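Remarks on the structure that follows.
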Amino acid sequence: VCSSDLVGVEGHTFAPDAEHFLPKVGLPGGGKPVFFPAAPVSGSRYQTLALTNTAHTPLLFNIDTTYTDLSFSCKPMRGLVLSDSRQMIALRFRPTVPKLYTTNIKAVFNCTPANSIEFEIAGTGYLPSLKMANSAQLFFKPTCVGNSSELAYAVTNPSRMGVQYEWDIPEIGRAHV
């Protein structure tokens, strides 16, 4: 059985401790925090960043995620951006419990920690829920034959994401609703 693996290799021709070309890189928002939309626990939300190289030389990048929360990930984590080009970076947020998550991500350019940008990413995990008035009980007052009664009933969504729900009405009452 023969298998093949691909190995990525990055390099440069600078001598050790030599000055590298200064990167001319741009990120949308200039390194401001990236916020994810509300996410259900165990669900995923995505954001993208456009890493722009405005220099006349190629740009190596490496996204250091060693200190980040495991609820965040990005692809690609390293690569080469040609001159006057851009590379899209996909960020994923997958919460495991309902809470606010924040972490910092550091992007190192041209293999030099002095040439880096650090920015914050944040997202909130939610459990879908509904709050119902009157302890979730609905009661119609008795009426005479031929009359009807109406009732306004409040159902609210306290989470920051859409919730789909369905009424379960007993068979005996379905003809009257």
Side-chain angles (χ1 to χ4, degrees), residues 2-131 156-165:
C2 185
S3 70
S4 64
D5 292 326
L6 295 176
V7 177
V9 178
E10 298 172 357
H12 55 75
T13 58
F14 295 103
D17 300 323
E19 182 70 29
H20 291 231
F21 291 121
L22 291 176
K24 292 183 180 175
V25 63
L27 281 171
K32 290 182 181 174
V34 175
F35 296 103
F36 286 85
V41 170
S42 299
S44 295
R45 294 290 187 258
Y46 298 90
Q47 292 280 31
T48 55
L49 294 175
L51 183 64
T52 305
N53 180 11
T54 58
H56 297 292
T57 57
L59 171 74
L60 283 172
F61 71 92
N62 182 19
I63 298 179
D64 179 11
T65 57
T66 55
Y67 300 106
T68 62
D69 187 305
L70 295 177
S71 297
F72 296 101
S73 61
C74 67
K75 285 191 179 181
M77 293 180 62
R78 64 184 47 114
L80 176 74
V81 184
L82 298 177
S83 61
D84 296 318
S85 297
R86 71 178 57 183
Q87 169 71 49
M88 297 302 288
I89 308 289
L91 300 170
R92 183 180 80 169
F93 170 53
R94 186 176 174 85
T96 55
V97 295
K99 70 173 192 168
L100 173 65
Y101 294 79
T102 61
T103 193
N104 290 326
I105 288 185
K106 184 177 186 179
V108 178
F109 303 108
N110 290 342
C111 305
T112 307
N115 298 328
S116 63
I117 296 175
E118 190 167 327
F119 57 95
E120 180 184 16
I121 57 177
T124 305
Y126 287 95
L127 286 174
S129 65
L130 290 175
K131 290 201 178 210
T156 57
N157 176 7
S159 66
R160 294 185 59 207
M161 58 188 184
V163 176
Q164 181 178 350
Y165 65 93

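Heads up: numbering here begins at 1 and tracks the sequence. Keep in mind it's a predicted model, so treat the numbers as computed, not measured.
For the atom pair N110 CG and L80 CG, the distance stands at 9.0 Å (nearest 0.5 Å). In this structure, the separation between OG on S85 and CG on L51 is 10.5 Å, given to the nearest 0.5 Å. If you take CG on L59 and CG on N115, they are separated by 9.0 Å, rounding to the nearest 0.5 Å. Taking OG1 of T48 as the start and CD of Q87 as the end, the distance is 11.5 Å to the nearest 0.5 Å. Here the straight-line distance linking atom OG1 of T124 with atom NZ of K99 works out to 10.5 Å at 0.5 Å rounding. Of the inter-residue distances, the one linking S116 atom OG with F61 atom CZ reads 14.5 Å to the nearest 0.5 angstrom.
A search for ring pair (Phe, Tyr, Trp, His ring centres under 6.0 Å) contacts involving F93 returns F36, F72, Y101, not counting sequence neighbours. The side chain to side chain donor-acceptor pair (under 3.5 Å) search around N157 returns S159, not counting sequence neighbours. For M77, the side-chain contact (heavy atoms from CB on, under 4.5 Å) partners two or more places apart in sequence, or in a different chain, are T65, C74. Considering only residues two or more places apart in sequence or on other chains, A38 meets the side-chain contact (heavy atoms from CB on, under 4.5 Å) condition with Y126, R160, M161. With sequence neighbours left out, S44 forms a side chain to side chain donor-acceptor pair (under 3.5 Å) with R94. With sequence neighbours excluded, the residues that form a side-chain contact (heavy atoms from CB on, under 4.5 Å) with T156 are K131. In terms of the side chain to side chain donor-acceptor pair (under 3.5 Å) criterion, R45 has no residue partners (sequence neighbours excluded). Annotation: side-chain contact (heavy atoms from CB on, under 4.5 Å) contacts of P98 (sequence neighbours excluded): V41, L127.
Of all heavy-atom pairs between P95 and P40, the closest is CG-O, 3.5 Å. P128 and V163 make their closest contact through CB-CG2, 4.1 Å (heavy atoms, listed as atom of the first residue, atom of the second, distance).
Using modelled atom types, no side-chain atom of N53 and backbone atom of R86 make a donor-acceptor pair closer than 3.5 Å.
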Stepwise side-chain contact (heavy atoms from CB on, under 4.5 Å) check, I105 with V34: CA-CA 10 Å; I105 288 185; V34 175; over 6 Å; no

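At a threshold of 4.5 Å between non-hydrogen side-chain atoms, the residues P76 and I89 count as touching.
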